[in-house]
Amino acid sequence: MSWYRTKLERDLARWQTEGWVTAAAAGAIRRDLEQRKSLFTAGPVLAVLGAVLFGFAIMSFVAAHWTGMSKLARLALLLATLWGCYAGAAVLFQRQLNAFAHAAVLAGIAVFGASIMLIAQMYHMEGHPADAVLLWALGALLAAVLTGSTPALAATFVLLSVWGTWERLDSESAHFMFLLPWGGAALTAAWLGWRPGFHLAALSLLLWIVPLGFLIWGYHAHWLVVLIGAAVALGAVAAGETLNRHLPISGALFAYGLVIAYAGLYILQFLDDSRWLASRPEGPEGAGIARLLLLAVVSLVGLLGAMLFALKTDNRPALWLAYAAFALEIFSLYVKTFGSFLNTSLFFLVAALIVSGLAWVAYRLHQSKSATGAGA
Amino acid sequence: MRLFTNRTAYALALVALLQTAALAVMVVNRIRLLQTGREITLPIVPVDPRDLFRGEYVELGYAVGRVPARLLEGPPPLGNAPFYVTLEKAQDGSWAPVKLTRDKPQETSSDRIVLKGRSRFALLTIDGNNATTINNVRYGIEQYFVPQGEGPRLEALARDKKLAALIAVDASGNAAIKGLLIDGRLQYEEPLL
């Protein structure tokens, strides 16, 4: 927020001297910004942090004083703490201390999770630990749906991602079941109209999509990940205008599609090729290299295209993600090809040509942009 | 506004109630399993015999945790889904696996009991045609949190003695540790509450 304020202050001063903005209008803009700033005070943030610490305190207290307590006393203590958190939340909501009330709800969710684990320990339950995380996540989702608590929804997405990843590591299968509770959480985010919730939904889905190639259709289906990412990104390009009329999300969609597509390409180039080569020993000698080169060209061209589009649409996050991916691609290619078919100097020459080309394109684009800017 | 806060209070009470219900189901299921499940005694294979009860919890090994793959009948288990191991009681009273199935078999004989098990590497190692053994089949009775204060006593009792676990098994094949036997005598029994 503060970088925006600094920039706006500078611009306001300039616009005022140019005579485009009156002193009264500048004052109104500053007051509006002041009011918006109050949304970001430290209180709620600290309250949520406090709730998290409170949860840890309960867990360590209970763990330290377990000795000598009967099972019944332990259960009573856990339930009393659970109800205490939600009763506290009710009181805080009544006093309109909403931020603190949400923090109390979050503490209740933490106690619920701790209770699941402590009960499992008390009764020597082992079973399937991922199930316990799912139960915890569903408890958090319940709290989010019934109380409209956004911190509870954030906890839900985190817990669902932990559950999904755990199930996948255990079963080495795609685990499509993940989509069911994820869909519920995503719908809740939509229902609450909570914008960060969309990002959490997208991120947890991204974490589910990217490893998909390792888990289905012969365990090398990374091209499917690339296709999904490309479809999302291209969909955001094609239908962006229409989408944005309802919800301004095409920029974010483009960025997520870009990350998914590049993650798939990265896995194809640098993480999965040894297995791919090993499975085809009869293939020609240079097949692996040719394949890597082809994928590298596709990646670099795709990233360049993404950068240009991000520049054109003023999509800062997508631009930086594409820059980072580009740097990662160049670095990984360098590590991969070091001492093999390309020698180091040739590699740097190629990289330099690509980057110079990029700079030239960016320069031209900037020129044409400022030209249209001046014309308007 | 009054109405709104009342509604929030009801919503919070409902959250607390449903979460409590979930925890209660966990506890009640377990107590029912311990109370009404069939009892079998399985000898404990020492994993680390020196410090068995020193730690916070111990890993208990059982002979029935190793199941020869040739015992597989029918289709192999899926992914990390649970499967079923049928145990049969021998003349000397010990239990040994005789059958491995994906679905729960109907066993009516009193000399047979079905346990629900899982194995992390089920997918890789199960192949009915070769003679490999599925190690590390887990029945949910392998982790034992040592009761507070009981560690040193059990440790002293267990030194150079035969250890066994008293296991309760319910009709669905779920198993739970009910108590510990040392040289055939029940030395520790889990309280229900």
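Remember, it's a predicted structure, so these values are computed and weren't measured experimentally. First the proteins, then the strands, lettered A, B, ... as listed; each starts at 1.
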Against chain B, work out which of A:Ile109, A:Leu135, A:Leu79 has the most heavy-atom pairs shorter than 4.5 Å and name it.
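Heavy-atom pair counts peak at A:Leu79.
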Quick check on A:Val105 against chain B: is it the side chain, the backbone, both or neither that has a heavy atom closer than 4.5 Å?
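Only the side chain of A:Val105 comes within 4.5 Å of chain B.
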Would you mind checking which part of A:Leu72 comes under 4.5 Å of any heavy atom in chain B, side chain (CB onward), backbone (N, CA, C, O), both or neither?
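Both backbone and side chain.
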Rounded at 0.5 Å granularity, tell me how far [atom1] in [X] sits from [atom2] in [Y].
X: A:Tyr86; Y: B:Thr20; atom1: OH; atom2: OG1; value: 9.0 Å
X: A:Phe93; Y: B:Arg7; atom1: CZ; atom2: CZ; value: 12.5 Å
X: B:Asn29; Y: A:Tyr123; atom1: CG; atom2: OH; value: 11.5 Å
X: A:Asn98; Y: B:Thr8; atom1: CG; atom2: OG1; value: 8.5 Å

Are B:Tyr10 and A:Leu146 close enough that some pair of their side-chain heavy atoms sits under 4.5 Å apart?
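No, every pair of side-chain atoms sits at 4.5 Å or beyond.
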For the student: nearest non-hydrogen atoms of [X] and [Y], plus distance:
X: B:Ala13; Y: A:Trp83; answer: O-CH2, 3.9 Å
X: B:Leu23; Y: A:Ser115; answer: CD1-CB, 3.6 Å
X: B:Met26; Y: A:Ile116; answer: CE-O, 3.6 Å

Who wins among B:Ala16, B:Ala11, B:Ala22 for the most heavy-atom pairs under 4.5 Å with chain A?
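Ranked by contacts with chain A, first place is B:Ala16.
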Heavy-atom contact with chain A under 4.5 Å, split by part of B:Leu17:
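B:Leu17 touches chain A through backbone and side-chain heavy atoms alike.
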